[in-house]
Amino acid sequence: MSSEKPTTLVAELEARSGLGSVIGGPGQLVHRDAGLTIAEEAGLPVRSLRRPRVAANETWLPRQLRAQNLDLAMAPRQLAGDPGLSCARVEPHAWLICGELHRDDPAPAGWLSTELGDRLCAFRLSGPRAADVLASGGNLHGVTPGICARMPFADAVAVYVQCFASDQYRLLVDVSFAPFMARWLADAANNRIPPEGRP
């Protein structure tokens, strides 16, 4: 019997985005020309915030939102804030918050706060051609500045589209579809017919 002690190897895995970018570093550039930039937002913090129909504290608001003068009492599909910190009402009692919130500001009893940053991949589209590229994959009717809409996209996947300005959009897609979405957006940006069907 050998007297050697077994060796334990410890591998530290780098946190990476849906496109393989290191979290905390720059995301991958998908496309850039004079009228359009498409880039991944690697590691964008995303949180789902839900409350029951009758919550013990219906007026609670994360203090980071208060500091930015953002509110949860908004119309359906309304998007408030900017790309650094935004809040969108996606259901009657549910909001999607993109951006960093204080970790020491937990939701009170009766509320459900769920981290979604590892589940969603974010793409920023900016420039005068941004709306045209998105419109080639989904119906942007009614998606105007200040709107966040969930919609089918590219005949393949459901996404959230956030419109901050007529030339500033964010696309949130399930991380498993991130490579497909990057290829699709690059094809559309290069005026090639995007691939049809499932990825």
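Values below: all heavy atoms of this structure, side chains included; hydrogens, waters and symmetry mates excluded. Index from 1, following the sequence.
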Heavy atoms only: give me the nearest [X]-[Y] pair and the separation to one decimal.
{"X": "Leu134", "Y": "Phe153", "result": "O-CE1, 3.4 Å"}
{"X": "Phe164", "Y": "Gly81", "result": "CD2-O, 4.2 Å"}
{"X": "Tyr169", "Y": "Ala130", "result": "CD1-CB, 3.9 Å"}
{"X": "Val133", "Y": "Ala189", "result": "CG2-CA, 4.0 Å"}
{"X": "Cys148", "Y": "Ala88", "result": "CB-CB, 3.5 Å"}

Taking side chain as C-beta onward, heavy atoms only, is [X] less than 4.5 Å from [Y]?
{"X": "Leu85", "Y": "Leu65", "answer": "yes"}
{"X": "Leu49", "Y": "Pro62", "answer": "yes"}
{"X": "Met151", "Y": "Val161", "answer": "yes"}
{"X": "Arg77", "Y": "Arg150", "answer": "no"}
{"X": "Leu171", "Y": "Leu185", "answer": "yes"}

Indicate, with yes or no, if [Y] and [X] share a hydrophobic cluster defined by side-chain heavy-atom contacts under 4.5 Å among Ile, Leu, Val, Met, Phe, Trp and Tyr.
{"X": "Ile38", "Y": "Leu140", "answer": "yes"}
{"X": "Val159", "Y": "Val175", "answer": "no"}
{"X": "Val173", "Y": "Leu125", "answer": "yes"}

Mind checking the [atom1]-[atom2] spacing from [X] to [Y]? Nearest 0.5 Å is all I need.
{"X": "Leu72", "Y": "Arg51", "atom1": "CG", "atom2": "CZ", "value": "7.5 Å"}
{"X": "Leu61", "Y": "Cys87", "atom1": "CG", "atom2": "SG", "value": "7.5 Å"}
{"X": "Cys98", "Y": "Glu41", "atom1": "SG", "atom2": "CD", "value": "8.0 Å"}

Kindly say whether [Y] contributes a backbone atom to a donor-acceptor pair with the side chain of [X] at under 3.5 angstrom?
{"X": "Arg89", "Y": "Pro92", "value": "yes"}
{"X": "Asp174", "Y": "Ser176", "value": "yes"}
{"X": "Gln78", "Y": "Ala75", "value": "yes"}
{"X": "Arg170", "Y": "Pro83", "value": "yes"}

- Message: Would you say CG of Asp71 has more than 12 non-hydrogen atoms from neighbouring residues, nucleotides or ligands within 6.0 angstrom?
- Response: yes
- Atom CZ of Arg66 with >12 non-hydrogen neighbours under 6.0 angstrom: yes
- Item | Remaining members of the apolar cluster that contains Leu44, side-chain heavy atoms under 4.5 Å | Val46, Val90, Leu96, Leu116, Leu120, Tyr160, Leu172
- Query: Where do Thr37 and Arg124 land on the side chain to side chain contact (heavy atoms under 4.5 Å, CB included) test, with the steps shown first?
  - Reply: CA-CA 8 Å; Thr37 299; Arg124 282 289 303 283; over 6 Å; no
- Note on the structure: Sorted by chain and number, sequence neighbours left out, salt bridge (Lys or Arg N to Asp or Glu O under 4.0 Å) with Glu115 holds for Arg47, Arg103
- Go through the steps to decide whether Cys121 and Met181 satisfy the test side chain to side chain contact (heavy atoms under 4.5 Å, CB included), and finish with yes or no. CA-CA 10 Å; Cys121 186; Met181 188 59 67; over 6 Å; no
Distance-only donor-acceptor pairs under 3.5 Å for side chains of residues 26-35, two or more places apart:
unit_1: Gln28; atom_1: NE2; unit_2: Leu19; atom_2: O; d: 2.4
unit_1: His31; atom_1: NE2; unit_2: Asp33; atom_2: OD2; d: 2.7
unit_1: Asp33; atom_1: OD1; unit_2: Gly35; atom_2: N; d: 2.7
unit_1: Asp33; atom_1: OD1; unit_2: Leu36; atom_2: N; d: 2.8
unit_1: Asp33; atom_1: OD2; unit_2: Arg129; atom_2: NH1; d: 2.5

